[in-house]
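Have a look at the structure below, then the notes.
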There are 2 protein chains.
Amino acid sequence: MKNVFNNEIINSFYSIYMQERKILQSDAERVGLTVVQLRALYKISVRPNVRLAELAERMKSTNSTISSVIDRLVDKELVERKTSENDRRAITICLTIKGEEKLREFQESKSETVQKLQRINDLPAEDIKRLLEIHQKILSILKD
Amino acid sequence: MKNVFNNEIINSFYSIYMQERKILQSDAERVGLTVVQLRALYKISVRPNVRLAELAERMKSTNSTISSVIDRLVDKELVERKTSENDRRAITICLTIKGEEKLREFQESKSETVQKLQRINDLPAEDIKRLLEIHQKILSILKD
DNA sequence: TAGTCTTATTTCGTATGCGAAATATACGGA
DNA sequence: TCCGTATATTTCGCATACGAAATAAGACTA
């Protein structure tokens with residue numbers, strides 16, 4: 001396999017990732033948010049008062065990126081930054097009432113993503129098992 | 001499957017896509033380029049004098065994004081924009097000598113990506129066949 | 001306790017990435 | 001030929017995305 005930019009397997013992962021992203025984006029737009037913003041709201045909701053560095057790690061992103069995502073969520077009044085009481089260098093992030101409402105609004109909306117994920121989960125259990133196994137093999141090669 | 005942001009299958013695709021991107025990025029950096037720039041050089045090399053819109057389509061991106069990618073490649077003197085002779089609205093893009101050399105430099109470099117793709121291609125043929133089949137099923141659900 | 005090292009976050013510069021508006025040109029018909 | 005419409009590209013505003021530098025505060029040590 002000489003050509004890095006024309007590999008069937010890699011292209012296959014790319015296509016699925018992009019298609020999923022596109023669907024999720026149209027879902028997010030319906031509540032006036034981006035995918036990243038929505039994902040941040042969700043991650044904050046399951047771990048209120050999370051620190052910035054931990055949130056960035058959980059989102060597999062960097063501190064600087066998440067810092068500016070939070071900026072925009074603060075502008076929209078969906079989250080609040082507070083200085084941590086234990087460590088004045090750190091901040092903790094939590095949802096505002098408005099943020100909780102926005103997340104609920106999304107979760108209660110007819111999400112195309114949810115419907116398609118359900119159909120994917122309805123594929124034969126054997127297929128899904130095999131898929132995840134092969135993915136694991138590929139991931140371990142890539143991480144090696 | 002209630003939660004869109006915590007789906008094992010989707011996360012699996014995401015992890016592999018991100019890991020591959022990371023490796024390719026470190027390969028690209030060794031020749032002083034980004035992944036997108038390298039990919040553009042490659043796509044132009046296999047289709048010299050390609051038009052911007054066609055290049056954007058082949059790269060599954062948008063005209064505006066690719067237009068600015070080309071800006072930076074022109075700044076680096078790796079590609080040239082020419083007005084199309086048939087249609088003065090259009091431009092055609094081709095590599096400069098320096099661009100061809102840069103691409104060759106990358107192809108001759110010890111690319112980690114190439115090595116890992118080889119190892120992935122060495123997985124049992126049955127696994128790969130099955131993988132691509134299941135990916136097709138998933139993709140058709142997503143595109144439905 | 002002053003000086004130094006570490007840690008948490010923000011800021012900065014640069015590169016995608018996208019849709020909408022702007023620009024330039026082509027093309028059709030009156 | 002003139003006009004309206006269609007097409008190709010660029011520009012603009014905004015949102016990621018990342019590493020490096022800047023900032024601020026905690027922690028450790030001589």
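Sequence lines set the chain letters: A, B, ... in the order given, protein chains first and strands last, and positions in each chain run from 1. As the structure is a computational prediction, the values presented were derived from the model and not from experiment.
- The existence of a salt bridge linking Arg104(A) and Glu100(A) is excluded, since no basic side-chain nitrogen approaches an acidic carboxylate oxygen closer than 4.0 Å.
- Using bins of under 30°, 30° to 60° and over 60° for the plane-to-plane angle, the ring pair Phe13(A)/His135(B) lands in the perpendicular bin.
- Protein atom CD1 of Ile70(A) is 14 Å distant from nucleotide atom P of dA15(D), rounded to whole Å.
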Between the protein and nucleotides 7-11 of chain C, which nitrogen or oxygen pairs come in under 3.5 angstrom?
from, atom 1, to, atom 2, distance (Å)
dT7(C), O4', Arg89(A), NH1, 3.3
dT7(C), O2, Arg89(A), NH1, 2.9
dT9(C), OP1, Leu52(A), N, 3.3
dT9(C), OP1, Ile91(A), N, 3.1
dT9(C), OP1, Ile91(A), O, 3.2
dT9(C), OP2, Ala53(A), N, 2.8
dT10(C), OP1, Arg81(A), NE, 2.8
dT10(C), OP2, Ser67(A), OG, 2.9

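- In this structure, the CG atom of Leu55(B) is 14 Å from the C1' atom of dA8(D), given to the nearest Å.
- Rounded to whole angstrom, the span from the CG atom of Leu73(B) across to the P atom of dT14(C) amounts to 17 Å.
- Annotation: Glu57(A), atom CD; neighbour count of heavy atoms from other residues, nucleotides and ligands within 6.0 Å does not exceed 12.
- Near DNA chain D, defined here as any heavy-atom distance below 4.0 Å, the residues from residues 23-48 of chain A are Thr34(A), Val36(A), Gln37(A), listed numerically.
- One finds a side-chain N or O of Arg72(A) lying less than 4.0 angstrom from the OP1 or OP2 phosphate oxygen of dT16(D).
- To the nearest angstrom, P of dG17(C) lies 8 Å from CE of Met18(A).
- The number of heavy-atom neighbours closer than 6.0 Å to CD of Glu126(B), taken from other residues, nucleotides and ligands shown, is above 12.
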Stepwise side-chain contact (heavy atoms from CB on, under 4.5 Å) check, Cys94(A) with Arg81(A): CA-CA 7 Å; Cys94(A) 63; Arg81(A) 270 188 179 95; over 6 Å; no
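- By the 4.5 Å heavy-atom criterion applied to side chains, Lys76(B) and Gln37(B) are counted as neighbours.
- Under a 4.5 Å side-chain heavy-atom cut-off, the cluster of Ile, Leu, Val, Met, Phe, Trp and Tyr residues that includes Tyr17(A) is completed by Tyr14(A), Met18(A), Tyr14(B), Tyr17(B), Met18(B).
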Glu112(B)/Lys116(B) under salt bridge (charged side-chain N to carboxylate O under 4.0 Å, His left out): CA gap, chis, key distance, verdict: CA-CA 6 Å; Glu112(B) 197 185 339; Lys116(B) 299 211 158 150; 2.9 Å; yes
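- As judged by a 4.0 angstrom heavy-atom cut-off over every strand, Ser61(B) is placed among residues touching the sugar-phosphate backbone only.
- Separating the CD1 atom of Ile66(B) from the P atom of dG19(C) is a distance of 13 Å, rounded to the nearest angstrom.
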